[in-house]
Structures are given as C-alpha cells and as structure tokens.
There are 2 protein chains.
Amino acid sequence: MNKVKALLASSPLKQYGRPLEVGLHQEGRRLTPQRRKILDLFENSGSGNHLSAEDVHHLLLEAKSRVSLATIYRTLRLLVEMGFLYELELSEGGHRFELASNDHPDHHHLVCVRCGRTEEFENEQVIQAGRIAAEKNGFKLIESTLNVRALCPGCQHNN
Amino acid sequence: MNKVKALLASSPLKQYGRPLEVGLHQEGRRLTPQRRKILDLFENSGSGNHLSAEDVHHLLLEAKSRVSLATIYRTLRLLVEMGFLYELELSEGGHRFELASNDHPDHHHLVCVRCGRTEEFENEQVIQAGRIAAEKNGFKLIESTLNVRALCPGCQHNN
DNA sequence: CACTCTCATTAGCCGTTATTATTGAGAAAT
DNA sequence: ATTTCTCAATAATAACGGCTAATGAGAGTG
C-alpha cells in the first residue's frame, strides 16, 4: 500500500482554474469581474478566434455586460503582458487578440496525480471521438481535451 | 454574432474543481484540511475503490496525515449527506464508502459552454488512447476523462 | 477612427478581530 | 469491533476598516 501519498496529493488538474487570479495577486493586481469576463470570452470561444477591442466590447454588450472601452483596452494590454493573450498587429491598423494557451487546440494531458508531472500528447482518435459525440447530440464542437490521471514512473517506485 | 452569452457563461468545466468548498460554505460549514484530505483520498484512488472508515484512517496515517477516527466517521457521514460518496452497508457489519461521481469509471462529458447542458458518453477509443499515452510514458493509468466543449442545439439557434 | 489619458468614484484585497464550526482524545454506547 | 458522544482546544470564516488598484465617462491625441 504505497500509493498512499499519491492518493493524497491534491489533484494538479485543479490548478487549471486559477492562473489568472494567482498571476494577478502575485503582482499586487486585482481580479475584477471585468478582467474575468474578458478572459472568459476568449477562453470560451475556443482557439483561433482573434478579436479586436471593439469586438470584445460588442460581445460583452450583447451579453448584457457593459464594460467600458477604456477598461477593455487596459485589460487586453494587461492580459498580453501576463501572457494570456497574443497580440496580432494588422497592417491596416488595428490590433487583434487571441488566446495564447490554445496554440495546441486539441491537446491532451497525462498528469501524475502525485507529483503533478504532466505530459502533453495529441491523438486523432480522441479528437474524432469528440467530434462524433458532438454530432450525435447535435452539438457544435468547440474543442476537446482528454485528461488522463496516472502515476508517473518515479512515483510508482520510490514510494 | 449570436453565441455571445455562450462565450460569457463562465465555463461549467471550472466548477469541477470547487464543488466541495462551495457546497460546504453554502451550508455554513467549513473546508478543513481533514475533509479535503479524506475526499482527495477517494478522488485520487480512481473509481471502484470502496474503503471503510478504518481503511481511510490507515491510508491517511501511512501518508503522514493523522486524522482522528472520530473525524473520519463524521466526515464520511458528511460527504455521504452531501452526495460526494456512496455508502455501502455490508451484511457482516461495517460500512464501505466510494466516490459517488465515479460510477462510470471512464466517462466523458459533452458540455455546452453556454447553458451548461451536459451529456455523458463512453468511447473505447478514447480509453484506449489514454492507455496508450500512459504506457508510452511509463505512467500507470488511473482513469481518463474527455471534456468536449461545444454548443448544444438550443444554444446554437435561439441566440 | 483607434486608442489613451484624467480624475472622481468604486470596489478588490489585506490585516485584524470575533464568532463558532470542527477537531482530537478518550469515554461511552451498540 | 464499530461507531457515536462529550468537551476543551483549535482553527476556518465572516465581518469590518483602511488602502489603493481599477473602473467609467468623457475629453484628449494622432
């Protein structure tokens, strides 16, 4: 019975939820609903979406969340500085932003539940499975991620 | 541009991380390290594990986390009340507990990012993919879940 | 237009204190 | 043997106040 510690280590998967908050706090900044909403907008739109400040403004407006343009500009700059967004400069003037983390749209994680070691991998069959499940239920696919919980070699041995 | 609300609804996926904490707080209860550890024990042991109070006590002890038996009994009862655990009564006297949510060991979610509607499905290919990824990296598989983010039929249409 | 700045107002976060749920140890019950 | 109870000690939260980051509105800039 030496997988005990492994069982205890609180699942590393959980950290996926909080990086904006901790990132902000580390720098003495604050997590505001506006910042949350703006980042959520990108995170929920899946990868590959590139939005302008105006786009963000309108999207939020239509969703009954008025956020001032000034704040949107400020927040977009902030999120780029923090590495959450990429900034694309269009030659015609005007900037677009897109999620930085989603450069691998359908990537999957192999996570050691004990030490948190994580390997990424891709697998066409998995993507396919997500596509099929979506189709079967009439859903429009955005993206899919497979989380595999496991024990890494090191944690299996040196108890 | 009518997937607006969908993009805003903070991803239902995120709630997977916090349900114990929010559940407790809603009822005026407190999230203690002991409660967290006991639930983690079940969550990280994968599905199908059925443990007695004594088992939990010993497992925690071996992991250098002493939690009194009284607390373990109290917490197990609490987690059952809250729906996190199932309680199995053995005829020979003595109860066993197991994770309630993991009744489908390798189940996958199709989640509407807008309304949160969730469909479960299973897929052998996905399980296979997890198994292969684990093997390739020398990991010992515990379980895998595929999260497919999508828009449900309703949310695609009535904007 | 596409974006930044100014400034009064708002509100997030960090201490601290006060409240009370929870724990641990052991006795008691079943 | 398995589970519950008692009660003093502990510690998680709620509550409050102060500090100051962040917002919104609108003017300003190129």
Side-chain angles (χ1 to χ4, degrees), chain A residues 10 18-41 50-61 63-82 84-85 87-97, chain B residues 10 18-41 50-61 63-82 84-85 87-97:
Chain A
S10 78
R18 301 259 96 97
L20 175 60
E21 178 168 1
V22 307
L24 286 170
H25 288 181
Q26 280 174 348
E27 306 172 43
R29 296 171 184 284
R30 296 172 186 182
L31 177 62
T32 64
Q34 292 88 341
R35 289 175 175 176
R36 184 75 263 161
K37 280 175 190 166
I38 292 172
L39 184 53
D40 278 355
L41 188 64
H50 53 287
L51 307 174
S52 69
E54 263 301 326
D55 289 341
V56 172
H57 190 227
H58 277 120
L59 283 165
L60 291 172
L61 255 184
K64 307 201 191 312
S65 292
R66 171 172 177 81
V67 176
S68 77
L69 251 178
T71 296
I72 289 171
Y73 277 107
R74 284 185 287 230
T75 301
L76 289 175
R77 233 186 307 140
L78 177 66
L79 291 176
V80 169
E81 276 169 30
M82 294 183 67
F84 286 99
L85 299 181
E87 181 166 7
L88 317 171
E89 314 219 5
L90 303 188
S91 46
E92 319 95 46
H95 296 187
R96 302 284 146 140
F97 301 83
Chain B
S10 77
R18 303 258 95 90
L20 176 59
E21 177 168 3
V22 308
L24 286 169
H25 288 181
Q26 278 173 350
E27 305 172 45
R29 310 189 123 98
R30 296 173 185 182
L31 177 61
T32 64
Q34 291 89 339
R35 289 174 176 176
R36 183 74 263 164
K37 281 174 189 166
I38 291 173
L39 184 53
D40 279 355
L41 188 65
H50 53 286
L51 306 174
S52 69
E54 263 301 327
D55 289 340
V56 172
H57 190 227
H58 278 119
L59 283 166
L60 291 174
L61 256 184
K64 309 202 191 310
S65 292
R66 171 173 177 81
V67 176
S68 78
L69 250 179
T71 296
I72 288 172
Y73 277 107
R74 285 184 287 230
T75 300
L76 289 175
R77 233 187 306 140
L78 176 66
L79 291 176
V80 169
E81 277 170 29
M82 295 183 68
F84 286 100
L85 299 181
E87 181 167 6
L88 317 171
E89 314 216 7
L90 304 188
S91 46
E92 319 95 45
H95 296 186
R96 302 285 145 137
F97 301 83

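Just so it is clear, the model here is predicted, and its values are computed rather than measured.
- In this structure, the CG atom of L61(B) is 14 Å from the C1' atom of dA25(C), given to the nearest Å.
- For R35(A) and dG12(C), a side-chain-to-base donor-acceptor distance below 3.5 Å is absent, hydrogens and geometry of angles not being considered.
- Under the 4.5 Å side-chain criterion, counting only non-hydrogen atoms from C-beta, H57(B) is in contact with R66(B).
- Of the two residues contacting DNA chain D, namely G28(A) and I72(A), the nearest-nucleotide position lying further toward the 5' end is that of G28(A).
- Relative to the side chain of A70(A), the nucleotides dA11(D), dC19(D), dA25(D) differ in distance, and dA25(D) lies closest.
- Phosphate proximity of dT2(D) to R77(B): absent, as no side-chain N or O sits under 4.0 Å from OP1 or OP2.
- R96(A) has its side chain within reach of D55(A): a pair of non-hydrogen atoms, C-beta onward, lies under 4.5 Å apart.
- A residue-by-residue look at Y73(A) and R29(B) shows that Y73(A) has its nearest nucleotide of DNA chain C further toward the 5' end.
- Applying the 4.0 Å criterion to OP1 and OP2 of dA25(C), one finds that S68(B) has every side-chain N and O outside that range.
- Taking 4.5 Å as the limit, some side-chain heavy atom of L78(A) sits within range of a side-chain heavy atom of L24(A).
- Going from atom CD1 of I38(B) over to atom C1' of dT22(C) covers 12 Å, rounded to whole Å.
- Summary of the strand contacts: L24(B) and H25(A) both lie near DNA chain C, and taking for each the nucleotide with the nearest heavy atom, the more 5' one is attributed to H25(A).
- One can place CG of L69(B) at 11 Å from C1' of dA1(D), the figure rounded to the nearest angstrom.
- Remark: P of dA21(C) and CD of Q26(B) are 17 Å apart, rounded to the nearest angstrom.
- Taking side-chain N and O atoms only, H95(B) has no distance below 4.0 Å to OP1 or OP2 of dT2(D).
- In this structure the side chain of F84(B) reaches within 4.5 angstrom of the side chain of L20(B), judged on heavy atoms.
- Per the geometry, CD belonging to E87(B) stands 15 Å off P belonging to dT2(D), to the nearest Å.
- Counting all heavy atoms, side chain and backbone alike, R30(B) lies closest to R35(B) at O-NH1, 2.7 Å.
- E27(A) places its CD atom 19 Å from the P atom of dG12(C), with the value rounded to the nearest Å.
- Nucleotide dT22(C) holds its P atom 14 Å from the CD atom of E21(B), rounded to whole Å.
- Inter-residue side-chain proximity for K37(A) and T32(A) is flagged as unmet; no heavy-atom pair is nearer than 4.5 Å.
- In this structure, H57(A) atom NE2 and dC1(C) atom P are separated by 16 Å, rounded to whole Å.
- Below the 3.5 angstrom threshold, one finds no donor paired with an acceptor across the side chain of R74(B) and the base of dT22(C).
- Of the candidate nucleotides dT13(D), dT3(D), dT23(D), dT23(D) has the atom lying nearest to any side-chain atom of T75(A).
- As judged by a 4.0 angstrom heavy-atom cut-off over every strand, Q34(B) is placed among residues touching the sugar-phosphate backbone only.
- In this structure, S52(B) does not reach the dT2(D) phosphate: none of its side-chain N or O atoms is under 4.0 Å from OP1 or OP2.
- Heavy atoms of L31(A) sit under 4.0 angstrom from primed sugar atoms or phosphate atoms, though from no base atom.
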